[in-house]
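The structure appears below as structure tokens.
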Amino acid sequence: MNPESWTAVDDYLVSSLVEADPILEQALADSHAAGLPSINVAPNQGKLLHLLVRMIGAKRILEVGTLGGYSTIWLARALPPEGRVITLEYEPRHAEVAHKNLARAGLSGQVEVQVGRAIDLLPKLEPAAPFDFVFIDADKPSNPDYFAWALKLTRPGSVIVVDNVVRSGAVVEPQGNATVQGIRRMMEMIAAEPRVTATAIQTVGSKGWDGFCLIRVVG
Ligand code: SAH
Ligand code: DHB
Ligand code: MG
């Protein structure tokens, strides 16, 4: 029961069930070489996102927080040919790396990386809505705003996933930092919102102790 064994088990699970993929591996290598932080989803979580998108037959995906496009590739590859991803990224340097990674993956035609503060970009996405699937994975203090926008930009049956809702257990601290306040406020909104039903799962693995929230819009 320690981070080393969590990583060993993640390595085992990934080598067992997540097929090796040179394009995804190169995306991570180039992200690292460009100095981007290694805070992409783990491969088994990327595949979870991919499977969820396929399970609901999503055609329109919104991602908040692109980084180098690693999770974006997992999401976009789950789409049918006519499917589209819009992904929002504040840092031009991150978006530039993502563009290259997405081009290498042959996904430039299906993915639009929009550069700017998500809170400024989200109101302009109404014409592209409703999205079938939303992945929220950017600045955690803004999670309440992103959840509210996700709800506006989806439809009954849509699925919203929010990453990093446990933060090594810090989520239980009522006086926690801005990230914890963002997560806790979002949890309260979800709990009070009759248009959604949700759960959250804590995870251990190669990225330590964290978790995700899984939300279904019910209408
Ligand atoms: N989803 C990615 C990881 C995203 S990391 C993956 O799993 O591969 C979080 C990203 O959100 C970073 O690239 C960061 O620059 C971006 N970000 C932070 N604040 C933001 C904001 N206000 N608007 C949009 N993106 C933001
Ligand atoms: C951080 C952000 C993430 O999206 C993540 O999955 C892990 C860590 C971070 O900002 O520390
Ligand atoms: Mg994350």
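We count ligands from 1, going down the list as the structure has it; atoms in each ligand are counted the same way. Below, each value reflects all heavy atoms present in this structure, side chains not excepted, and no hydrogens, waters or symmetry copies.
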Report summary line: atom 20 (C) of ligand 1 has as its nearest protein heavy atom Asp139 OD1, 3.4 Å
Requested in this report: Decide whether an N or O pair under 3.5 Å exists between Gly65 and ligand 1.
Outcome: yes
Query raised in the report: So, for Asn101 and Gln26, which heavy atoms are closest and what is the spacing to 0.1 Å?
Result: OD1-O, 4.3 Å
Report task. Please tell me if the side chains of Leu88 and Leu125 come closer than 4.5 Å, counting only heavy atoms from C-beta onward. Result -> yes
Query raised in the report: Taking all non-hydrogen atoms of both residues, which atom of Gly205 and which atom of Thr7 are closest, and how far apart?
Result: O-OG1, 4.0 Å
Query raised in the report: Is any side-chain heavy atom of Gln45 less than 4.5 Å from a side-chain heavy atom of Thr203?
Result: no
Query raised in the report: Is there a side-chain contact between Arg77 and Leu107 (heavy atoms, below 4.5 Å)?
Result: yes
Query raised in the report: Below 3.5 angstrom, do we get any N/O pair linking Ala118 and ligand 1?
Result: yes
Query - Taking atom 5 (S) of ligand 1 as the reference point, the nearest protein heavy atom with its distance - result: Ile39 CD1, 3.6 Å
Query raised in the report: Are any of the heavy atoms in Glu63 under 4.0 Å away from ligand 1?
Result: yes
Requested in this report: For Gly46 and ligand 1, answer yes if some heavy atom of the residue is under 4.0 Å from a ligand atom, otherwise no.
Outcome: no
Which N/O atoms of ligand 2 sit under 3.5 Å from a protein N/O, and at what distances?
from, atom 1, to, atom 2, distance (Å)
ligand 2, 4 (O), Asp137, OD1, 2.7
ligand 2, 4 (O), Lys140, NZ, 3.0
ligand 2, 4 (O), Asn164, OD1, 2.8
ligand 2, 6 (O), Ile39, O, 3.3
ligand 2, 6 (O), Asp163, OD2, 3.2
ligand 2, 6 (O), Asn164, OD1, 2.9
ligand 2, 6 (O), Asn164, ND2, 2.7
ligand 2, 6 (O), Lys207, NZ, 2.5
ligand 2, 11 (O), Arg167, NH1, 3.4

Query - Protein heavy atom at shortest distance from atom 24 (C) of ligand 1 - result: Tyr90 N, 3.4 Å
Requested in this report: Would you check whether Trp74 reaches within less than 4.0 Å of ligand 1, judged by its heavy atoms?
Outcome: no
Query raised in the report: Which residue holds the protein heavy atom closest to atom 3 (C) of ligand 1, what is that atom called, and what is the gap in Å?
Result: Asp137 OD2, 3.2 Å
Requested in this report: Please could you name the atoms of ligand 1 that Tyr70 approaches to less than 4.0 Å, counting only its heavy atoms?
Outcome: 8 (O)
**Report entry** Closest protein heavy atom to atom 2 (C) of ligand 1, given as residue, atom name and distance to 0.1 Å
**Finding:** Ser71 OG, 3.3 Å
Report task. Answer yes or no: does an N/O atom from Glu91 fall short of 3.5 Å to an N/O atom of ligand 1? Result -> no
Query raised in the report: Under a 4.0 Å heavy-atom limit, does Leu121 contact ligand 1 with its side chain, its backbone, both, or neither?
Result: neither
Query raised in the report: Just which atoms of ligand 1 are under 4.0 Å from any heavy atom in Thr66?
Result: 2 (C)
Query raised in the report: Can we say Glu173 and Arg184 salt-bridge, meaning some charged N sits less than 4.0 Å from an Asp/Glu carboxylate O?
Result: no
Query raised in the report: If only atom types and distance count, is the side chain of Ser158 paired as donor or acceptor with the main-chain N or O of Phe131 below 3.5 Å?
Result: yes
Requested in this report: Before signing off on this row, confirm whether Arg117 and ligand 1 have an N or O atom pair separated by under 3.5 Å.
Outcome: no
Query - Contact check, side chains of Leu48 and Phe212, non-hydrogen atoms, under 4.5 Å - result: yes
Query - Heavy-atom side-chain proximity of Ile61 to Phe135 below 4.5 angstrom - result: no
Query raised in the report: So, does Gln181 use its side chain to make a donor-acceptor pair with the main chain of Pro174 at under 3.5 Å?
Result: yes
Query raised in the report: Can you check side-chain contact (heavy atoms from CB on, under 4.5 Å) on Val171 and Gln202, steps first, answer last?
Result: CA-CA 11 Å; Val171 69; Gln202 53 183 334; over 6 Å; no
Report task. Can you measure from NZ (Lys152) to CG (Leu122) and round to the nearest 0.5 angstrom? Result -> 9.5 Å
Query raised in the report: Do Asp21 and Lys47 sit within salt-bridge range, that is, some charged N less than 4.0 Å from a carboxylate O?
Result: no
Report task. Before signing off on this row, confirm whether Val41 and ligand 1 have an N or O atom pair separated by under 3.5 Å. Result -> yes
Report task. Please write down residue, atom name and distance for the protein heavy atom closest to atom 14 (C) of ligand 1. Result -> Glu89 OE2, 3.4 Å
Requested in this report: Identify which one of Arg216, Lys59, Arg155 satisfies the salt bridge (charged side-chain N to carboxylate O under 4.0 Å, His left out) criterion when paired with Asp132.
Outcome: Arg155
Query raised in the report: Does a side-chain N-to-carboxylate-O contact under 4.0 Å join Arg93 and Glu96?
Result: no
Query raised in the report: For ligand 1, which atoms have a heavy atom of Gly116 less than 4.0 angstrom away?
Result: 23 (N), 24 (C)
Report task. Using distance alone, determine whether His94 and ligand 1 share an N or O pair under 3.5 Å. Result -> yes
Query raised in the report: Taking atom SG of Cys213 and atom CD1 of Ile160, what is their separation to the nearest 0.5 Å?
Result: 9.0 Å
Query raised in the report: Can we say Asp163 and Lys140 salt-bridge, meaning some charged N sits less than 4.0 Å from an Asp/Glu carboxylate O?
Result: no
Query - Side-chain heavy atoms of Glu126 within contact of Leu153, under 4.5 Å - result: yes
Report summary line: For Tyr146, the ligand 1 atoms with a heavy-atom partner under 4.0 Å come out as 21 (C), 22 (N), 23 (N)
Query raised in the report: At distances under 2.8 Å, what protein N, O or S atoms surround the Mg ion (ligand 3)?
Result: Asp137 OD1, Asp163 OD2, Asn164 OD1
Requested in this report: Could you tell me whether the side chain of Asp30 reaches within less than 4.5 Å of the side chain of Lys100, counting heavy atoms only?
Outcome: no
